[in-house]
Visitor: 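So that we are looking at the same thing, I have put the structure below in structure tokens.
Convention: sequence-line order gives letters A, B, ...; per-chain numbering from 1. Values reported hereafter were calculated over all heavy atoms of this structure, with side chains retained and with hydrogens, waters and symmetry mates removed.
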Amino acid sequence: MARCIAVRSSSFLRMTNPTTERPDRDYEPYDPTRVESTWRQRWVDRGTNHVDVAAATRPYFQLMMFPYPSAEGLHVGNLYAFTGNDIHGRFHRLQGFDVLEPLGYDAFGIHSENFALKMGMHPGTLIPRNIANFRRQLDRAGLMIDWRHEVDTTDPQYYKWTQWLFLQLYKRGLAYRKAAAVNWCPSCKTVLANEQVEGGACERCGTVVEQRNLEQWFFKISEYSAPLLADLDVIDWSESTKTAQRHWIGKSEGAHVTFTVADVAGASITVFTTRPDTIYGATFLVVAPEHPVLATIVPASHRAAVDEYQACSAKQDLTSRKTTKEKSGVFTGAYALNPATGERVQIWTADYVLMEYGTGAIMAVPGHDERDFEFATVFGLPITRVVAGPDDAADTPLSEAFVDNDHGRLVNSGAFNGLTVAASKSKITAWLAERGRAQAVTNYRLHDWCVSRQRYWGPPIPIIYCDACGPQPVPEDQLPVVLPHIDDFKPDDSGISPLARHKEWYETTCPACGKAARRETDVSDTFLDSAWYFLRYPSVGRSDVPFDAELTKRWLPVDSYIGGNEHAVLHLLYCRFITRVLFDAQLIPFTSPFKKFRAHGMIIRDGAKMSKSRGNVVNPDEYFTQWGADAFRMYLMFIGPFEEGGDFRDSGISGVKRFLDRLWASVMTMRTDDAPDADVLRKLQLTIKKVGEDIPKLSYNTAIAAMMEYMNVLRRAERVPHRAEVEPLVQLVAPFAPHVAEELWERMGHTKSVFDSGWPTFDASAAATETIELAVQVNGKTRGVVQVAPDATQDDAYAAAMAEPSIAKFVTGAPKKVILVKGRLISIVV
RNA sequence: GCCGAAGUGGCGAAACUGGCUAGACGCAAGAGACUUAAAAUCUCUCGAGAGCAAUCUCAUCCGGGUUCGAGUCCCGGCUUCGGCACCA
């Protein structure tokens with residue numbers, strides 16, 4: 001730490017202190033603090049980061065995931081992501097694009113609200129303060145942000161359009177209300193978000209959480225399952241992100257099979273199965289505890305037991321039910337008829353069957369499903385084998401479920417015996433379908449998006465309830481429905497949404513009939529705020545439309561989006577959904593929001609995630625001050641591959657700082673007389689090529705390494721570099737270390753920003769050499785290198801290799817085989 | 001359990017679609033120059049082993065295999081990280 005203080009000391013001090021100054025160093029030393037503050041101001045004064053969105057001829061939309069403005073301030077994780085984005089954006093700017101690189105704040109939501117509660121402050125006071133702090137830190141980071149396009153999701157001029165968006169979905173029948181379970185703390189008498197439930201208990205008071213049914217708003221994202229899945233095949237996104245989304249959407253092909261309920265006239269149960277081929281092995285049915293059929297089929301003898309089980313499972317909270325593995329359930333006393341065998345099978349209810357997936361009912365095939373096997377074992381239900389592996393007989397007992405679909409043939413399945421699993425699926429489905437008992441269906445696990453939050457800190461859902469007319473959308477010209485400033489936004493024991501305590505706010509009139517009516521008092525999910533923010537950026541400032549048609553056509557879809565993979569499913573999927581809905585509404589001309597998405601890695605420290613409790617959080621401010629933003633940015637990118645992240649360590653920064661010092665020194669001492677060195681220029685060309693190829697691939701660490709390598713050549717043996725050797729390097733460095741690059745560029749006599757100077761072009765002829773190196777392998781071992789002409793034939797190369805005694809000694813007698821790989825090597829087999 | 005990514009020096013990491021003596025670049029370490037001294041700067045060394053030496057052998061998680069040639073491809077196994085987890 002003491003080191004860098006000397007480096008940062010003012011030039012005046014350095015120049016007048018004879019003991020710290022090398023006699024030959026008579027130039028002003030590199031002072032990042034001064035350079036960076038100078039250029040921060042100049043960029044503002046000159047509007048360097050501004051882009052004329054209406055007139056841009058080569059628009060390039062560089063989007064970064066906007067942060068939640070936490071009270072802790074900018075996290076290195078944010079900075080890492082932003083820097084990676086910024087380099088990509090600045091590079092495109094240097095390539096001649098009009099780059100729009102905006103940023104905003106995702107400031108609504110439970111994080112802010114909870115933190116405000118903890119601090120005893122109002123989020124409306126806290127958030128602007130946090131934003132101001134973020135802004136200060138972001139400014140120091142040297143990002144090429146056009147702040148005229150800032151968005152803040154808590155600004156009524158923004159959430160007016162979030163509410164508008166809700167209404168568009170409502171108008172298209174994609175927003176609907178239904179009762180759904182929420183986590184409920186019986187002690188705090190409030191609704192809890194999933195994040196607030198720890199191990200099935202309320203994080204605040206430790207009381208066991210229950211589930212409660214509340215009427216909530218949902219978006220029918222499930223209706224878009226098929227196109228959202230299909231789009232994944234054509235978009236350029238990180239493979240890991242696409243895989244996560246595919247899994248989340250969860251397509252599965254199967255059939256609905258209908259079982260008649262015995263002894264109850266007209267009653268039947270339809271199940272969803274992906275294994276219709278195992279119908280002969282369906283020895284019982286299981287329905288979810290919430291299944292409505294239980295109201296009609298349970299005989300009096302079993303009513304009490306079923307009621308008790310239902311009540312018990314309803315009490316369990318949402319998280320613990322999902323994680324408990326032990327099977328529980330009760331027999332309902334009712335029977336169904338297996339449509340294939342005609343046998344009477346028991347109907348059970350158990351919470352391992354989920355109401356929200358499929359039909360909420362399954363046919364249990366314990367012989368060929370692990371969960372059914374376990375359940376049948378626990379409750380002593382019959383297990384029948386209907387698929388046999390190559391080594392099994394039809395009656396080989398099952399010690400576990402046999403699930404090897406690829407090597408099984410049907411047994412004990414009537415006319416279908418002997419068929420493979422694959423072949424029998426469609427045959428059995430067709431056979432059942434003929435008799436009206438089945439239908440092939442495709443099922444998705446993607447469930448509808450619950451957008452209601454029984455909270456305060458969010459945009460009020462723009463709906464009015466009228467006793468006469470029912471739910472009515474707030475007329476668009478009355479938006480925004482402003483979130484009122486209330487002091488009692490804390491959940492209390494009244495058990496209702498905070499806004500529902502404010503008559504003066506929710507009492508209104510019906511837009512349809514004019515009679516007294518009541519506003520919806522829930523607010524919408526934060527993910528709705530962020531599901532469309534990219535559409536707003538170009539059009540910020542327009543109060544008449546959410547996004548201008550012309551600007552949208554010009555700037556969207558987003559050219560490059562970079563963000564954390566923690567948003568692989570929810571945020572990124574919701575963005576795609578909203579985009580498709582707006583496309584269907586003919587409000588935008590594209591179906592996918594982001595042409596290219598890349599997930600960056602995570603920065604950890606000492607092998608662990610940074611967290612306050614671990615005390616390993618890196619505060620960017622200290623590093624900005626100590627090393628300068630340029631060195632800090634460059635170090636973050638040098639840690640490892642951008643898409644993998646890595647471990648942060650202080651000691652690594654000195655390396656990039658030294659590089660910047662040398663760059664500075666090179667410019668300050670460069671010569672303009674004589675000619676530049678041809679070898680150095682050749683290396684420069686290769687570096688231009690390498691850096692230009694690496695940046696679009698986000699391979700920043702190797703781009704930096706290449707520049708360092710060039711620096712070593714440039715300053716080899718204390719040689720004095722020529723201006724022609726240094727000048728393009730400043731341009732290459734610019735995306736990484738923008739402040740110092742600007743400073744050096746100006747000192748070289750340029751008046752325009754380095755970012756408007758154009759990217760140096762790779763000149764292949766300048767990089768070409770008269771001879772190339774060819775590796776020589778003998779029996780697979782590399783034994784040397786020879787110089788040959790680029791177009792040398794195999795014989796030429798062989799002759800050259802034999803002329804080298806150190807290689808020739810390994811070749812005794814005539815070679816069996818010689819292989820020449822042009823430009824790479826020659827392989828001799830003896 | 002399922003899915004995804006990855007295992008290379010003391011450390012972070014390079015290595016294009018199998019191909020220029022694996023380890024670029026950087027950190028740390030060691031030696032030297034400069035200095036009264038330290039810092040900074042500059043120069044050199046730096047995977048392991050053997051040898052005076054030129055040089056040789058062994059090394060990319062482990063075990064097999066394909067190939068003139070494997071960190072890279074194939075088969076089997078181990079470990080770590082990230083995500084999803086009763087989805088029928």
Side-chain angles (χ1 to χ4, degrees), chain A residues 2-7 19-25 29 239-241 243-244 246-248 250 252 254 271-275 286 321-327 350-354 356-359 361-365 369-372 374-375 443-447 565-566 568-569 601-602 604 607 635 638-641 643-656 658-659 661-662 665 693 699 701-702 704-709 711-712 715 717-718 772-786 806 815-819 821 823-830:
Chain A
R3 274 176 218 165
C4 56
I5 293 178
V7 176
T19 59
T20 60
E21 202 50 52
R22 256 169 61 155
D24 59 335
R25 184 178 294 178
E239 224 25 71
S240 59
T241 312
T243 308
R246 280 195 190 97
H247 186 76
W248 191 262
S252 59
V271 303
F272 173 71
T273 179
T274 53
R275 299 294 308 277
V286 187
R321 177 172 163 181
K322 280 186 177 158
T323 50
T324 324
K325 288 274 177 190
E326 307 94 66
K327 294 281 182 291
D351 64 6
Y352 84 93
V353 174
L354 310 172
E356 58 270 21
Y357 184 76
T359 61
I362 62 156
M363 63 179 213
V365 184
D369 180 279
E370 284 167 20
R371 296 148 306 182
D372 297 345
E374 189 195 337
F375 192 80
N443 209 26
Y444 296 91
R445 48 179 298 200
L446 182 63
H447 48 266
N565 227 0
E566 68 272 17
V569 283
M602 228 178 32
I604 56 173
Y635 168 64
F638 191 55
I639 291 176
E643 294 179 72
E644 285 169 35
D647 208 342
F648 184 94
R649 56 189 62 234
D650 295 18
S651 60
I653 306 179
S654 57
V656 288
R658 246 185 289 247
F659 168 77
D661 284 337
R662 288 172 190 161
E693 285 169 355
S699 188
N701 56 330
T702 53
I704 294 168
M707 291 187 285
M708 288 173 164
E709 213 176 313
M711 179 64 74
N712 290 342
R715 296 174 60 79
E718 298 200 33
I772 53 164
E773 286 189 332
L774 208 57
V776 184
Q777 289 186 352
V778 181
N779 282 347
K781 278 200 193 302
T782 310
R783 295 299 187 180
V785 176
V786 290
S806 61
K816 282 187 199 147
K817 200 172 170 185
V818 178
I819 299 156
V821 182
R824 296 197 188 274
L825 57 71
I826 176 166
S827 184
I828 300 162
V829 190
V830 293

Visitor: Rounding to the closest angstrom, what is the interatomic distance between B:U57 and B:A39 at atom C1'?
Guide: 44 Å
Visitor: Between B:A88, B:C25, B:A85, which nucleotide has the shortest distance from any of its atoms to the side chain of A:Val353?
Guide: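 Nearest listed nucleotide: B:A88.
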Visitor: The side chain of A:Asp351 lies closest to which of these nucleotides: B:C86, B:C11, B:A14?
Guide: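 From the listed options, B:C86 comes nearest.
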Visitor: For the side chain of A:Pro641, counting heavy atoms from C-beta on, which of B:C25, B:A14, B:C42 is nearest?
Guide: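 Per side-chain heavy atoms of A:Pro641, the pick is B:A14.
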Visitor: If you measure from the C1' atom in B:A37 to the same atom in B:A33, how many Å do you get, rounded?
Guide: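 Nearest-Å result for B:A37 against B:A33 at atom C1': 15 Å.
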Visitor: Within the 4.5 Å heavy-atom criterion, are A:Asn565 and A:Thr241 side-chain neighbours or not?
Guide: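 A side-chain contact under 4.5 Å exists here.
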Visitor: If the P atom of B:G69 is compared with that of B:G30, how far apart are they to the nearest Å?
Guide: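 These two P atoms come out 44 Å apart once rounded.
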Visitor: Rounded to whole angstrom, note down the P distance from B:G10 over to B:A48.
Guide: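 One P to the other, the span is 8 Å.
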Visitor: How far, in whole Å, is B:A22 from B:A59 if one measures between their P atoms?
Guide: 12 Å
Visitor: Hey, what are the protein-to-nucleotides 80-83 of chain B N/O distances that come in under 3.5 Å?
Guide:
none

Visitor: What nucleic acid atoms does A:Arg246 come within less than 4.0 Å of, heavy atoms only: base, sugar-phosphate, or nothing?
Guide: nothing
Visitor: Measure the shortest side-chain to side-chain distance between A:Lys327 and A:Glu374 over non-hydrogen atoms and say whether it is less than 4.5 angstrom.
Guide: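 Contact flag for A:Lys327/A:Glu374 side chains = yes.
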Visitor: Please name all residues satisfying salt bridge (Lys or Arg N to Asp or Glu O under 4.0 Å) with A:Asp369, sequence neighbours left out, ordered by chain then number.
Guide: A:Arg371
Visitor: Do A:Ile362 and A:Asp372 have side chains that approach each other closer than 4.5 Å (heavy atoms only, starting at C-beta)?
Guide: yes
Visitor: Are the side chains of A:Arg662 and A:Asn712 in contact, using a 4.5 Å heavy-atom criterion?
Guide: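 Side-chain contact under 4.5 Å: yes.
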Visitor: Output one line per pair: protein atom, nucleotide atom from nucleotides 4-9 of chain B, and distance, for all N/O pairs under 3.5 Å.
Guide:
none

Visitor: As a test of reading the structure: which of B:G12, B:A88, B:C86 is closest to the side chain of A:Thr274, going by heavy atoms?
Guide: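 Minimum distance to the A:Thr274 side chain belongs to B:A88.
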Visitor: For A:Thr243 and A:Ser240, does a side-chain donor sit closer than 3.5 Å to a side-chain acceptor?
Guide: no
Visitor: For atom P, what is the distance between B:A14 and B:G65, given to the nearest Å?
Guide: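 Here B:A14 and B:G65 have their P atoms 31 Å from each other.
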Visitor: Taking side chain to side chain donor-acceptor pair (under 3.5 Å) as the definition, give me every residue that meets it alongside A:Glu644, ordered by chain and number, with sequence neighbours left out.
Guide: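 Residues passing side chain to side chain donor-acceptor pair (under 3.5 Å) with A:Glu644: none at all.
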Visitor: What closest approach, in Å, do A:Phe638 and A:Ala705 show between heavy atoms, and which atom pair accounts for it?
Guide: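 Nearest heavy atoms, A:Phe638 then A:Ala705: CE1-N, 4.1 Å.
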Visitor: Heavy-atom nearest nucleotide on RNA chain B for A:Val569 versus A:Ile653: which residue maps closer to 5'?
Guide: A:Ile653
Visitor: If the C1' atom of B:C3 is compared with that of B:A15, how far apart are they to the nearest Å?
Guide: 29 Å
Visitor: The criterion is ring pair (Phe, Tyr, Trp, His ring centres under 6.0 Å); which residues satisfy it with A:Phe375, sequence neighbours excluded?
Guide: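 Result, ring pair (Phe, Tyr, Trp, His ring centres under 6.0 Å) vs A:Phe375: A:Phe284, A:Trp348, A:Tyr352, A:Phe379.
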Visitor: Looking at A:Arg658, does any N or O in its side chain come under 4.0 Å of the phosphate oxygens OP1/OP2 on B:U41?
Guide: yes
Visitor: Looking at B:A88, B:A85, B:A28, which one has an atom nearest to any side-chain atom of A:Ser654?
Guide: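 Within the option list, the nearest is B:A28.
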Visitor: Is the shortest side-chain heavy-atom distance between A:Val776 and A:Arg783 below 4.5 Å?
Guide: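 A side-chain contact under 4.5 Å is absent here.
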Visitor: Is the shortest heavy-atom distance from the side chain of A:Phe659 to the side chain of A:Ser654 under 4.5 Å?
Guide: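 A:Phe659 vs A:Ser654: side chains apart.
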Visitor: My understanding is that a pair needs two contacts under 3.5 Å, Watson-Crick or G-U wobble. By that rule, which nucleotide pairs with B:G18?
Guide: none
Visitor: Using nucleotides 17-24 of chain B, report all nitrogen or oxygen pairs with the protein that are shorter than 3.5 Å.
Guide:
| unit_1 | atom_1 | unit_2 | atom_2 | d |
| --- | --- | --- | --- | --- |
| B:G19 | N2 | A:Gln777 | OE1 | 2.9 |
| B:C20 | O2 | A:Glu773 | OE1 | 3.4 |
| B:U21 | O2 | A:Thr782 | O | 3.2 |
| B:A24 | O2' | A:Glu709 | OE1 | 3.0 |

Visitor: When rounded to the nearest 0.5 angstrom, what is the spacing between CZ in A:Arg658 and CE in A:Met708?
Guide: 9.5 Å
Visitor: Please give the distance between the C1' atoms of B:G77 and B:G7 as a whole number of Å.
Guide: 14 Å
